[in-house]
2 protein chains.
Amino acid sequence: MDPLTEAQQKLMPEMTELLKKRYQILLTIQMEEPIGRRALSELAGSTEREIRKETDLLRNQQLIKAKSSGMTVSDEGLAVLDALKDFMRDVSGLIAMEKQLKSLLGISRVLILPQDSDDIPAVKSNIGKEAARLLESLFPQHKKIAVTGGSTMAAISKELSSDKKDNTLQFIAARGGLGEDVLHQANTIASSFAGKTGGSVKTLYLPDHLSAEAYEMMMREPVIKEMMNLYDQTDVVVHGIGNAEEIALQRQSSTEEVERIRSGGAVSEAFGYYFDKEGKVVYRIRTAGIQLEQVQKAPAILAVAGGRSKAKAILSYFKNAAPQTSLITDEGAAHKILELTQNREEI
Amino acid sequence: MDPLTEAQQKLMPEMTELLKKRYQILLTIQMEEPIGRRALSELAGSTEREIRKETDLLRNQQLIKAKSSGMTVSDEGLAVLDALKDFMRDVSGLIAMEKQLKSLLGISRVLILPQDSDDIPAVKSNIGKEAARLLESLFPQHKKIAVTGGSTMAAISKELSSDKKDNTLQFIAARGGLGEDVLHQANTIASSFAGKTGGSVKTLYLPDHLSAEAYEMMMREPVIKEMMNLYDQTDVVVHGIGNAEEIALQRQSSTEEVERIRSGGAVSEAFGYYFDKEGKVVYRIRTAGIQLEQVQKAPAILAVAGGRSKAKAILSYFKNAAPQTSLITDEGAAHKILELTQNREEI
DNA sequence: GTGTTGTGGGACAAAAAACGTCCAACCGGA
DNA sequence: TCCGGTTGGACGTTTTTTGTCCCACAACAC
């Protein structure tokens, strides 16, 4: 860290917290504008008075405007947000944590965003935004992108810029899967990605849970075969990471399945695979979808998951993840991951 | 100013004041250590409680140590002071003021130090220190240095480093002058300079106020002639700037002289010359000493004066000062100077 | 030796600031 | 037109800060 900044912090230890708080508030306003005090205090997890005090200050500094419909970030506020973006990551120790996580998880790129999406839902949007930026930076070289479902993936699609269209992009739903909420299933997300970027989309409508016979039969269908072929040529895989149990419940898995997941000690889930705490596959959903091997040979992989509640799952998944995987997460998750591994080392 | 710093200030407007306050306290402790709360509150012009609150914080930050003899700056504190030195000048707007003063006074170098030596006596030491650093940087090229008297000059001599000796340096008392306090007269100061730096010294013991006849006679003395010769070869002149009236009173000038100084509208005094507000010489002490012309043809000139009470005098002196003059002053004086000239422009 | 002076730290009532919590007035969209 | 959201004002209560003592102690001059 900059020695000047370090000296500043020595002289003003309260600076860091204060800066983080105000930056977070300003950021949340930007993400949710126009927004009022009460809604804001919900999102930021502070009391209304606290929010009021800070927003009064921000307004005096002309960083936000207060209309009757809510508060809005001014141009100056946007400039401040942008100017402080990297600095805030540094001052919060995020850059240091990124380094630690990189070596711990054995991957080349980790991006940690401020705060904890468990506490502040808006952080998810922020994660989504940065994941979107990262993904967009891959577009020039990588055209075939496989995407999975989940609310995290939905957040990314929301933040994809629709400025420059590229009709050579091809988005592939990584799984069939009608089990979950239609808004968050892979097909919907893939369509949304395509819509935002001007690319094309390949969807796959198939139930998640098939019987062995039905599965075998389906795999012989030309449509499905074509998809499996596409998975082989995938340039980028973008996926979330879930907590095994939560996902299983969401999917209304059969009791038999839940039992296998539980007894296998499954911790995390990603693109239909369940992993135990050592990163071994203990179960996979029997459906048409991208295979683990196909994921691992993809040139680029973006794993996106935030919130301290996902720390164990992330840790589990990365036990055996491909080294070319990039992790985009948040402070809460990162902190918890390091906490967990430190304790393990001490014992 | 750094755009990052600007953004920080936007988000934390209280930062600047707080930083300045704590930095100042830390600086004062360093200058006066070991020092107690009560003495410190006197120097810093704050209440004891205020000082206590801040020193408690500084102690928690391990920037100072509290012994029973008083508070002391720790090594870490020294590092912080050093790291923040330039930053504080920038954040306090001193760098901007330096630029303004440079163009206003028509000189190439202005150095402004924090705070006001009228309020905080310790600031004088700080001015002295920086003037000493500046002077030392001239030593390699400039060997013949003429110095005047005064408390400001005494402050410089205190801060001269005695690390590397240079016996080719030659210090010349710029004036005879037994009129003032022996500790602050040019001869003493010159000796002190020489002692600190390892150089030699040329002193000149002569009363300040001579009759016309005695003056003429003295000027024909070989010792005096030699001095006048030396003045011609001076490489650097270091001098203070005083308020005309104060100096006149200190010197116990005759009523006739005081009258001439008053009626001439003298505002400032430097090396025995009195200047009016337009920078014209209205009177000079009849004694052996460096001539104005000799000063002005010197390759380097350091004018050192601080405190808002000296603003008018500084302004007066610089109306006709040589462009190669460097001014070392403090925030209080600089602020007042700009205030005075702004008002004048508005009218 | 011994008294004096300055030190940091503890304590506590008073003053001030921050806080939680209402409410009125207002605007915009259904 | 009404409803749900907004801001800004207000105010009693709580928490923090502030001013001001005192005390035990160490250093220092004598």
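The chains referred to below are lettered A, B, ... by the order of the sequence lines, with proteins before strands, and numbering in each begins at 1.
For B:Glu76, the CD atom is densely surrounded, since the number of other residues' heavy atoms within 6.0 Å is greater than 12.
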Contacts under 3.5 angstrom, residues 56-69 of chain B side chains, donor-acceptor by atom type, not counting sequence neighbours:
from	atom 1	to	atom 2	distance (Å)
B:Asp56	OD1	B:Arg59	NH2	2.5
B:Gln61	NE2	A:Lys10	O	2.9

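Residue-level contact check: A:Thr47 touches the backbone only, with heavy atoms under 4.0 Å from sugar-phosphate atoms and none from bases.
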Quick test: give all pairs of protein nitrogen or oxygen and nucleotides 6-8 of chain C nitrogen or oxygen below 3.5 Å, distance rounded to 0.1 Å.
from	atom 1	to	atom 2	distance (Å)
C:dT7	OP1	B:Gly36	N	2.7
C:dG8	OP1	B:Ile35	O	3.3
C:dG8	OP1	B:Met71	N	3.3
C:dG8	OP2	B:Arg37	N	2.8
C:dG8	N7	B:Arg38	NH2	3.2
C:dG8	O6	B:Arg38	NH2	3.2

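For the pair A:Thr152/A:Lys310, a side-chain contact is recorded, criterion being any heavy-atom separation below 4.5 Å from C-beta on.
Contacts of B:Arg37 classified as side chain to side chain donor-acceptor pair (under 3.5 Å), with partners at least two apart in sequence or in another chain: B:Glu48. Scored by the salt bridge (charged side-chain N to carboxylate O under 4.0 Å, His left out) test, A:Arg89 finds A:Glu98 as partners (sequence neighbours excluded). With sequence neighbours excluded, no residue forms a side chain to side chain donor-acceptor pair (under 3.5 Å) with A:Thr47. Scanning for salt bridge (charged side-chain N to carboxylate O under 4.0 Å, His left out) contacts around B:Glu130 gives B:Lys85, with sequence neighbours left out. Applying the side chain to side chain donor-acceptor pair (under 3.5 Å) rule to A:Arg133 yields the partners A:Glu136; only residues at least two apart in sequence or on another chain are considered. Checked against side chain to side chain donor-acceptor pair (under 3.5 Å), A:Ser125 has no partners two or more places apart in sequence or in another chain.
With a cutoff of under 4.0 Å to any heavy atom of chain B, the contacted region of DNA chain D is bounded 5' to 3' by D:dT18 to D:dA26.
Applying a 4.0 Å cut-off to non-hydrogen atoms, none of the residues of residues 15-32 of chain A approaches DNA chain D.
Between the P atom of C:dA18 and the CZ atom of A:Arg52 lies a distance of 14 Å, rounded to the nearest Å. Distance, A:Ile51 CD1 to C:dC19 C1': 14 Å, rounded to whole Å. Between A:Glu54 atom CD and C:dA18 atom C1' there is a gap of 12 Å when expressed in whole angstrom units. The separation between A:Glu50 atom CD and C:dA17 atom P is 18 Å, rounded to whole Å.
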| Should B:Lys124 and B:Ser151 be marked as a side chain to side chain donor-acceptor pair (under 3.5 Å) after you check the CA-CA gap, both sets of side-chain angles, and the distance that decides it? | CA-CA 9 Å; B:Lys124 267 204 163 171; B:Ser151 62; 2.8 Å; yes
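Across the helix from C:dG1-D:dC30 to C:dA30-D:dT1, the helix axis at one end is tilted relative to the axis at the other end by 30° (nearest 10 degrees, each axis from five pairs).
Between the side chain of A:Asn187 and the backbone N or O of A:Thr203, no donor-acceptor pair lies under 3.5 Å.
Between A:Thr329 atom OG1 and A:Arg308 atom CZ the span is 12.5 Å, to the nearest 0.5 Å.
The side chain of A:Glu48 approaches C:dT21 more closely than any other nucleotide in the set C:dT21, C:dA18, C:dA11.
Sorted by first then second residue, the side chain to side chain donor-acceptor pair (under 3.5 Å) pairs that include residues 17-29 of chain A, not counting sequence neighbours, are A:Lys20-A:Glu331, A:Lys21-A:Glu50, A:Arg22-A:Glu54, A:Arg22-B:Glu14, A:Gln24-A:Thr28.
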